[in-house]
Amino acid sequence: MKSTGLLSILTFSEKRKDILFLLQENPKTLSEIKDYFDVRSPEILPRLKEMENSNMIVRQEGVYKLTSLGKVAAIYYKPFLDTLTAIETNEDFWRDHDITAVPDTLLSRIQELKECRIIKDEHEHIYDSHKAFMDNVPASNRFMGFASIFLPSYPAMFLEMARRNIPISIIVTPNVFFKIKNEHNAEIEEYLKFKHTSFHVYDTAKVAFVVTDRFLSLSLFFKNGTFDPRSDLVGFDSSSIKWGEDLFKYYKENAVEIKALLTKYS
């Protein structure tokens with residue numbers, strides 16, 4: 001079906017879309033618009049005329065600005081574009097993995113992850129993976145993480161962070177909890193004594209992620225149920241971090257807190 005009208009005006013031209021968002025910031029003169037896009041009048045005037053005819057913009061006293069309808073279009077059009085960008089930029093990640101561990105409330109905010117990129121580790125050994133994680137966690141000033149897999153280096157690393165007075169909150173699945181309890185009893189007992197630490201157990205979820213004041217790193221399972229240890233969705237912008245914090249909050253609110261290893265969990 002051929003697109004016509006406003007949909008065509010806004011979606012079939014990058015220039016018209018960019019003009020809409022430029023004028024959303026502030027009204028502009030023709031000279032300011034030309035300077036912004038680094039074009040001549042013959043190149044930009046037809047686009048402006050098309051948008052005027054569609055009642056998206058208006059020219060008054062030599063200044064172009066959005067109409068009331070143009071303002072509404074800009075408000076709702078950008079989240080739509082950001083959502084498509086977030087999906088298309090990392091299309092393989094979302095297509096190949098099981099995303100059921102991401103609640104609908106967070107999935108509906110996927111546009112907040114548009115700055116995220118996939119970091120792939122080609123190493124053959126799982127313990128060599130997550131380079132972005134290992135590079136950024138030690139420099140973070142707060143830490144929240146959900147672990148559905150167990151790596152032997154993690155308990156000592158988290159304890160070292162706790163000793164440095166870094167606020168740290170960890171959620172694990174039951175299998176990981178019993179693994180830590182049986183093999184790293186001393187480390188977790190010391191970890192639990194700090195006032196700025198917390199430890200929770202959540203019934204099995206097919207996700208692993210970390211969010212700090214520096215970055216978000218999200219790992220998912222493949223659709224066949226196996227964990228993907230080499231592809232992380234990583235973002236360093238404030239929107240990605242806020243999204244990650246809300247994902248952690250979702251799981252923490254539904255998890256059991258462990259205050260001592262004597263706490264009964266089954």
Side-chain angles (χ1 to χ4, degrees), residues 1-95 97 99 102-119 211 213-218 233-250:
M1 183 176 67
K2 184 177 180 181
S3 178
T4 59
L6 293 182
L7 186 60
S8 176
I9 288 291
L10 294 179
T11 60
F12 287 3
S13 168
E14 284 290 318
K15 193 71 72 182
R16 289 192 294 257
K17 177 198 73 177
D18 292 340
I19 291 171
L20 183 76
F21 296 142
L22 176 65
L23 297 183
Q24 185 184 27
E25 298 174 2
N26 286 299
K28 305 287 184 184
T29 64
L30 176 60
S31 178
E32 289 172 329
I33 296 173
K34 289 192 300 180
D35 289 345
Y36 180 84
F37 291 108
D38 192 22
V39 297
R40 297 174 300 171
S41 293
E43 298 176 68
I44 199 67
L45 282 174
R47 308 288 85 78
L48 293 171
K49 187 63 176 177
E50 290 164 350
M51 296 183 73
E52 283 187 278
N53 290 340
S54 66
N55 197 27
M56 289 288 100
I57 66 173
V58 63
R59 187 185 185 193
Q60 295 178 341
E61 299 179 353
V63 175
Y64 288 94
K65 61 181 181 179
L66 295 183
T67 63
S68 295
L69 290 180
K71 292 177 182 178
V72 172
I75 289 171
Y76 288 97
Y77 187 39
K78 192 168 192 310
F80 170 71
L81 287 179
D82 288 345
T83 297
L84 293 184
T85 297
I87 295 173
E88 291 180 351
T89 300
N90 302 300
E91 185 175 1
D92 292 348
F93 181 82
W94 300 116
R95 182 191 64 232
H97 293 91
I99 62 174
V102 180
D104 289 343
T105 53
L106 272 298
L107 201 57
S108 67
R109 291 166 47 191
I110 197 172
Q111 71 269 17
E112 296 173 27
L113 304 180
K114 64 185 177 68
E115 298 298 328
C116 289
R117 295 297 180 267
I118 300 301
I119 295 181
V211 58
D213 56 306
R214 292 173 60 88
F215 77 115
L216 162 71
S217 179
L218 174 69
L233 185 73
V234 178
F236 295 90
D237 61 297
S238 59
S239 293
S240 297
I241 292 172
K242 178 61 168 62
W243 189 94
E245 290 173 343
D246 289 344
L247 180 63
F248 184 84
K249 181 179 179 181
Y250 167 84

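What you see is a predicted model; the values in this text were computed from it and never measured.
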Drop me the distance from [X]'s [atom1] to [Y]'s [atom2], to the nearest 0.5 angstrom.
X	Y	atom1	atom2	result
I33	I57	CD1	CD1	6.5 Å
N55	S68	CG	OG	8.5 Å
T105	L247	OG1	CG	9.0 Å
Y36	L23	OH	CG	10.5 Å
T29	E61	OG1	CD	13.5 Å
R117	T89	CZ	OG1	5.0 Å

Which atom names give the shortest non-hydrogen contact between [X] and [Y], and what distance separates them?
X	Y	result
S240	C116	OG-SG, 3.2 Å
I241	D213	CD1-O, 3.7 Å
S217	V234	OG-CG2, 3.9 Å
V63	P27	CG1-CB, 3.3 Å

Report yes if the side chains of [X] and [Y] come closer than 4.5 Å at any heavy-atom pair, otherwise no.
X	Y	answer
L107	I99	yes
I19	Y64	no
L20	Q24	no
T85	Q111	no
L30	L48	yes

[X] atom [atom1], over 12 foreign heavy atoms within 6.0 Å:
X	atom1	value
N53	CG	yes
R40	CZ	no
K78	NZ	no
D92	CG	yes

Short N-O contact, E112 and K242, less than 4.0 angstrom: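 No salt bridge links E112 with K242.
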Is the closest basic N to carboxylate O distance between K249 and D246 below 4.0 Å?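 No, no charged N to carboxylate O under 4.0 Å.
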Set out, in order, the CA-CA distance, both residues' side-chain angles and the distance that settles side-chain contact (heavy atoms from CB on, under 4.5 Å) for V102 and W243, then state yes or no. CA-CA 11 Å; V102 180; W243 189 94; 3.8 Å; yes
Determine the interplanar angle of the F93 and H97 rings, folded into 0 to 90°, and report it as parallel if under 30°, tilted if 30 to 60°, perpendicular if over 60°.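 Tilted, since the angle between the ring planes falls between 30° and 60°.
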Does one side chain, of K34 or S41, offer a donor that lies under 3.5 Å from an acceptor on the other?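 There is such a pair (donor and acceptor under 3.5 Å, judged by atom type) between the side chains of K34 and S41.
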If you apply the rule side-chain contact (heavy atoms from CB on, under 4.5 Å), what do you find for S31 with D35, and how did you get there? CA-CA 6 Å; S31 178; D35 289 345; 3.8 Å; yes
Report the C-alpha distance between K15 and D18 in whole Å, list the side-chain angles of each, state the deciding distance to 0.1 Å, and finish with yes or no for salt bridge (Lys or Arg N to Asp or Glu O under 4.0 Å). CA-CA 5 Å; K15 193 71 72 182; D18 292 340; 5.9 Å; no
